[in-house]
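First comes the structure, then the notes that go with it.
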Amino acid sequence: MYRYSPYFVLPFIFQLGLSACSQGSNSYSYGYYSGKVSPEIPASSRPVPVAVTKPANTEVHLVSKGETLYSIAFLYGYDVRDVARWNNIFPPYTIYPKQQLRLTAPPTPTQPSLVAVPYNDSFTEGKKNPLPPKEKNETPEVFATVTGDAKISWQWPTNGKIIGTYSANDSGKKGVDIVGQARQPIYAAADGRVVYSGNGLRGYGNLVIIKHNETYYSAYAHNDRLHVQDEHMVKKGQRIADMGNSGTDKVMLHFEVRREGKPVDPLLYLPRRR
């Protein structure tokens, strides 16, 4: 009879333990957000990554039919007020097809050096030298810096299992993905104004973007039917769309929260599920 050393057998016991753990349940239904790192989503359950095509020259965007300044700012992850300021566009932010928009701040003009000139109290042709006109402040109040965040009461935009979560290190994970049934109701996560309703952003399908205040926006992608249009005022919990699979391979909702144009983790704002 062969006698095995315990040092020879232990590695196999450890490997069997790992195998048994890996054969547990593969259902990742999130009852609430605990602040812990979410488990890895199985590859078979992940949606197709959002494929957003940007122009080769990211300093200029050529406006296409159906686009708005809000949708363009959303596409590049900028605050709409910055894009408007860079292009001297004022509310209500009207743009036109084939219009070229800057996506960077224009260079600061060089100020000429000032030379002191003695005051001249003499008269020329019977008239006193006129004083230079005062400069006008052309910056509208809409571009004022937001110093604080108005409190927003958030709710979940729909029910269902979360199959994808936000990652600051992965550009393809800008929000949460929630699976459900076709034509399942999609609700506004908070009060606000619809600033985009359409399918002009490739990879997002039928998309709704809601502005909640000067800082926060929310986005609802891959819908079937849209129940709201641009400029509609919506209330928290109002049905804005039906769940669908436009722009993806699953019936699901891709939900994002944007702070000053940048994606943030929606689970930090949505209430805990019970």
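Note: hydrogens, waters and symmetry copies are ignored here, and every other heavy atom, side chains too, is used. This chain uses plain numbering: 1 for the first residue, then up along the sequence.
Checked against side chain to side chain contact (heavy atoms under 4.5 Å, CB included), P92 has the following partners two or more places apart in sequence or in another chain: T94. Remark: H232 pairs with no residue by the ring-ring contact (aromatic ring centres under 6.0 Å, His included) rule, at least two apart or across chains.
A 4.5 Å side-chain heavy-atom check between I210 and V195 finds every atom pair outside the cut-off. Side-chain contact between D191 and V234: absent, with no pair of heavy atoms (C-beta onward) separated by less than 4.5 Å. In this structure the side chain of L207 reaches within 4.5 angstrom of the side chain of Y196, judged on heavy atoms. For the pair E260 and R81, the minimum side-chain heavy-atom distance is below 4.5 Å. Y204 has its side chain within reach of E256: a pair of non-hydrogen atoms, C-beta onward, lies under 4.5 Å apart.
Panel note: side chain Y220, backbone A189; a donor-acceptor pair is recorded below 3.5 Å. For the pair S197 (side chain) and V228 (backbone), a donor-acceptor distance under 3.5 Å is present. In this structure a side-chain-to-backbone donor-acceptor pair under 3.5 Å is present from K262 to G77. For R258 (side chain) and F74 (main-chain N/O), a donor-acceptor pair under 3.5 Å exists by modelled atom type.
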Worked verdict on F255 versus W156 for ring pair (Phe, Tyr, Trp, His ring centres under 6.0 Å): CA-CA 10 Å; F255 175 73; W156 283 83; 7.9 Å; no
Audit row: E231, R193, salt bridge (charged side-chain N to carboxylate O under 4.0 Å, His left out) steps and yes/no: CA-CA 6 Å; E231 303 303 323; R193 176 169 61 92; 2.9 Å; yes
Test log, rule side chain to side chain donor-acceptor pair (under 3.5 Å), inputs T158 and Q184: CA-CA 8 Å; T158 194; Q184 178 175 317; 2.8 Å; yes
Ring pair (Phe, Tyr, Trp, His ring centres under 6.0 Å) between H61 and Y76, intermediate numbers included: CA-CA 10 Å; H61 179 89; Y76 290 94; 5.5 Å; yes
Intermediate values then yes/no, side chain to side chain donor-acceptor pair (under 3.5 Å), T248 and H254: CA-CA 10 Å; T248 185; H254 175 74; over 6 Å; no
side-chain contact (heavy atoms from CB on, under 4.5 Å) between D224 and N245, intermediate numbers included: CA-CA 7 Å; D224 180 16; N245 61 348; over 6 Å; no
Verdict with reasoning, R259 to Y216, per side chain to side chain donor-acceptor pair (under 3.5 Å): CA-CA 5 Å; R259 185 179 189 278; Y216 285 100; 3.2 Å; yes
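For the pair V264 and Y269, the tightest heavy-atom approach, listed with the atom from each and the gap, is CG2-CE1, 3.5 Å. What you find for Q100 and N87 is that their closest heavy atoms are O-OD1, 4.1 Å. Considering every non-hydrogen atom in both D242 and R183, the closest pair reads CB-CA, 3.7 Å.
By the neighbour-count criterion of 12 heavy atoms within 6.0 Å, atom CZ of R102 is densely surrounded, having more than that number from other residues, nucleotides or ligands. Few gaps surround CD on Q238; more than 12 heavy atoms of other groups in view lie less than 6.0 Å from it. In this structure, Q181 places its CD atom where only 12 or fewer heavy-atom neighbours from other residues, nucleotides or ligands lie under 6.0 Å away.
Using bins of under 30°, 30° to 60° and over 60° for the plane-to-plane angle, the ring pair Y70/Y217 lands in the tilted bin.
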